[in-house]
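Below you'll find the structure, written out as structure tokens, and then a few comments.
Naming convention: chains lettered A, B, ... in sequence-line order (proteins, then strands); numbering from 1 in each chain. Please read all numbers here as calculations on a predicted model, not as lab measurements.
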Amino acid sequence: MDELMLQVRGLCVRSEQGRVLVEVPRLSLRRGEALGIAGASGAGKSTLLFALAGLVPGARGQICWQGQDLLAMPARRRAAFRADHIGLVFQDHMLFEELDAPANAAIQAGFRPRAERAALRAEGGRLLAALGLAGKGADVARLSGGERQRVAVARALAHRPPVLLADEPTASLDAATAEALTGDLLADTGPDRGRARRSLIVVSHDPALLARMDRVIRLDHGRMIDPAEAAA
Amino acid sequence: MMDLWYGLPAGAQDALMLAALIGPVLVLALVLLRGFAPGALVGAMLWRFRWPAGIFTLVVALAVAVGVGLIAQERGLRQGTARAADGFDIVVTAPGSEVTMMLAAVYLQPTDAPLLDGATFAAIAQDPRVTLAAPLAFGDSYGAAPLVGTTAEFVSHLSSGPLAEGRMFAAHAEAVAGAHAALPIGAQFTPAHGIGAGADSHAHAHAELTVVGRMPVTGTPWDTALIVPIEAVWEVHGLANGHAPDGEAEGEETHDHEHADHRHSQAPLGRPFDPAYFPGTPAIVVKADGLAASYALRSDWTRDQQTMAFFPGAVLAQLYGLMGNLRAAMSLIALLSQALVAVSVLVGLFILTGLFARQLALLRALGAPARYVLAVVWSFCAVLLGCGAILGLAGGFAASWALARILSARTGVALPATLGWAEVHLVAGFALVALIFALVPAIGALRQPVLARLRS
Ligand SMILES: Nc1ncnc2c1ncn2[C@@H]1O[C@H](COP(=O)(O)OP(=O)(O)O)[C@@H](O)[C@H]1O
Ligand SMILES: [Mg+2]
């Protein structure tokens, strides 16, 4: 049995008005596993994903990453945990337009200890090259949508997090570019690889992407349609 | 503790004061930035938002420059006017307003003053404690230059040395020009009666004077004047010339007569004057032999209904005291306007940080510590405020320098334009307050909901 990466218990997110946005009694994920989250627009997919990253203020319950409950942590430790353990990719790239691609990829160098900065920059550069962006992106605003999203992936992975969370990463891409990006997201995941593997959670309604996931959960009005999908 | 402070030399006090103002900024910077490297991000954000940031910096610089300029200008005026009065130890006039008579004698502001007679002048001039006594005569002009009548002795005293060019007047029809007066050596002119627009240029049509020398710069309004023997002023007004007609002269002749071609060249020039032929003088400048003698002379020649003696320096000090009260009232207004500037700075910082609210939310989503976000916002603001403060200091100094030049040219009072500790302290104090203020939008940015910012 592979180790448990994530274990969610009794997660409930309410809006300020008290409306239930997401209610997930149980959900778990193993190391190296790729999980898809599907559902109609407004079903609560993004809310669930950001709650898993500790970014949703109204979340209640337990979100245990490798045994550590994110929701029980003070804000400062939660941020540090994100910086160390989680990679985030957003639907609309969310690049720092004022920085070039390498600086975007190594954004954590600004607040990481001095000793880690060089390695972070090197890994960011390696990822950009691996994603086919070597020598590109002096001005990230001039890159295509697919290239910008790959810069975002490099930024999410440069600090080598054990888990990558992506919110509709292919929504603005054509089919061929989307397929290539899906491959990039899935790199280093899988059941038995020689080195430390990465878990992946992707929100999407792209059937081609969802088909390549190990498992897919579907949300409707914040609730999982088939609770059997909850366990790994 | 206080004794220790007051025991320090002024320069050390000023430097310590500056350190006390800059120190907290450095501590704040150290606390915020320690272990972080926000430079690349802050630099890129500054470049991306260079227009709004540049305009904000200019507004800050303008506000700082006004404060710096006012302080520098006020001090320059005080020093310049005081220095202009240096050559005028004691002034004796008919009783009246000391300020009016000081303005007339030192700053050559036209006034109608009652005259002192020859006996009074003789008594002062013969006092053993007096080392210099010079009668002054004003009221005429040539173009923009006031005409002043006095003695060669006083011209030398005011020049504190030899003339800059040419020679001293040695005859009634000769004149010495002030350093900045428009007439060159050799120029001839006919003085007009009165000063300014009302001057009557035909009243003295029979009198023609020649410039024979030029005084060095004295830093007083006398630099713009034309100085003639007082005898010449008396004569153009059809009065006796201070000396008995030929053959009746008492006392020794002190001047040689190398310019025999001039109309009045045979008449003596300068002291001693014959009281019987002395038409009167509105003001006598006196220099005494030592400080004690000065005070004794001032009290001796302050006589009811007859004469008034005063130190122009002391009158100026009184005026500054008065202006000091005015300054206190002004500084209250200044404080209010500073508060307005502070509020504008705060609003400006909020608007600027609002420009990159999305980047800040993104940083926090990616797990940046709150202190790093504070450091980014604060550094951004600190660069703008620091540039604004330094630009303001330079701009304020430049403005006060330019203004001093213009005022000097207009009044002849040499106004020094220097950068003093007061301005440096003002700017450092401003920077301290503004950089603490800069924490407010930085903390405000931290209170923004991360997700809402990312989704909007
Ligand atoms: N901060 C919030 N306050 C109230 N309602 C919210 C908030 N954020 C999202 N919602 C609502 O929650 C629901 C789920 O949103 P979201 O998670 O973005 O859906 P999806 O990503 O599946 O399209 C939507 O109805 C949305 O309007
Ligand atoms: Mg969504």
Side-chain angles (χ1 to χ4, degrees), chain A residues 13 16 21 46-47 49-51 53-59 74-100 102-104 106-117 120-121 139-141 152 155-156 158-159 161 165 167, chain B residues 30-54 352-380 383-384 442-443 445-456:
Chain A
V13 179
E16 275 171 30
L21 301 179
S46 300
T47 305
L49 190 80
F50 290 127
L55 284 168
V56 177
R76 171 198 287 260
R77 269 195 58 210
R78 207 180 299 167
F81 185 87
R82 244 188 338 266
D84 287 341
H85 295 93
I86 296 177
L88 273 176
V89 174
F90 303 88
Q91 179 171 350
D92 36 11
H93 326 312
M94 289 282 176
L95 300 182
F96 290 87
E97 306 296 332
E98 50 276 88
L99 295 175
D100 60 13
N104 262 286
I107 192 69
Q108 286 209 10
F111 54 85
R112 286 272 177 185
R114 187 180 300 272
E116 299 177 21
R117 288 176 200 158
L120 197 66
R121 290 201 181 92
D139 183 359
V140 292
R155 179 180 69 196
H159 55 286
L165 306 183
D167 187 16
Chain B
L30 200 73
V31 166
L32 282 178
L33 303 180
R34 192 175 42 84
F36 292 150
L41 182 57
V42 171
M45 291 198 314
L46 282 167
W47 177 246
R48 178 167 174 201
F49 299 111
R50 56 194 173 278
W51 286 108
L352 281 173
T353 49
L355 290 176
F356 44 84
R358 200 188 64 112
Q359 284 91 323
L360 300 179
L362 188 53
L363 278 176
R364 293 170 63 203
L366 297 178
R371 184 168 67 87
Y372 180 70
V373 176
L374 276 181
V376 168
V377 180
W378 187 82
S379 306
F380 183 90
V383 169
L384 302 189
I443 291 168
L446 277 183
R447 298 176 66 93
Q448 298 283 325
V450 175
L451 259 196
R453 276 287 163 192
L454 286 181
R455 286 184 165 191
S456 62

Just grab all the side-chain hydrogen bond (donor to acceptor under 3.5 Å, both in side chains) pairs involving residues 354-373 of chain B, residues at least two apart or on different chains. A/Glu98-B/Gln359
Any chance CZ of A/Arg77 has more than 12 other-residue heavy atoms, nucleotides or ligands included, within less than 6.0 Å? no
Which residue out of A/Arg82, A/Arg78, A/Arg76 racks up the most heavy-atom pairs below 4.5 Å with chain B? A/Arg82
Interatomic distance, CG@B/Leu366 vs NE2@A/His159, rounded to 0.5 Å, equals 8.0 Å
For A/Met94 and B/Leu454, work out which heavy atoms get closest and say how close. CE-O, 2.8 Å
Per-pair distances, 0.1 Å, donor-acceptor, side chain in residues 83-91 of chain A, under 3.5 Å, sequence neighbours excluded:
from	atom 1	to	atom 2	distance (Å)
A/Asp84	OD1	A/Arg112	NH1	2.9
A/Asp84	OD1	A/Arg112	NH2	2.9
A/His85	ND1	A/Phe81	O	3.4

Nearest heavy-atom approach of B/Val450 to A/Leu55 is CG1-CD2, 4.1 Å
Check step by step if side chain to side chain contact (heavy atoms under 4.5 Å, CB included) holds for B/Met45 and A/Leu99. CA-CA 8 Å; B/Met45 291 198 314; A/Leu99 295 175; over 6 Å; no
Toward chain A, the part of B/Phe49 with a non-hydrogen atom under 4.5 Å: side chain
Between B/Ala365, B/Gly35, B/Pro38, B/Ala370, which shows the greatest number of heavy-atom pairs under 4.5 Å with chain A? B/Ala365
Could you have a look at A/Gln108, A/Arg114, A/Glu97 and say which one has the most heavy-atom pairs with chain B under 4.5 angstrom? A/Glu97
Part of B/Ala368 lying under 4.5 Å from any heavy atom of chain A: both
Test side chain to side chain contact (heavy atoms under 4.5 Å, CB included) on B/Leu363 and A/Phe96 and set out the steps. CA-CA 9 Å; B/Leu363 278 176; A/Phe96 290 87; 3.7 Å; yes
Give, as side chain, backbone, both or neither, the part of A/Phe111 having an atom under 4.5 angstrom from any heavy atom of chain B. both
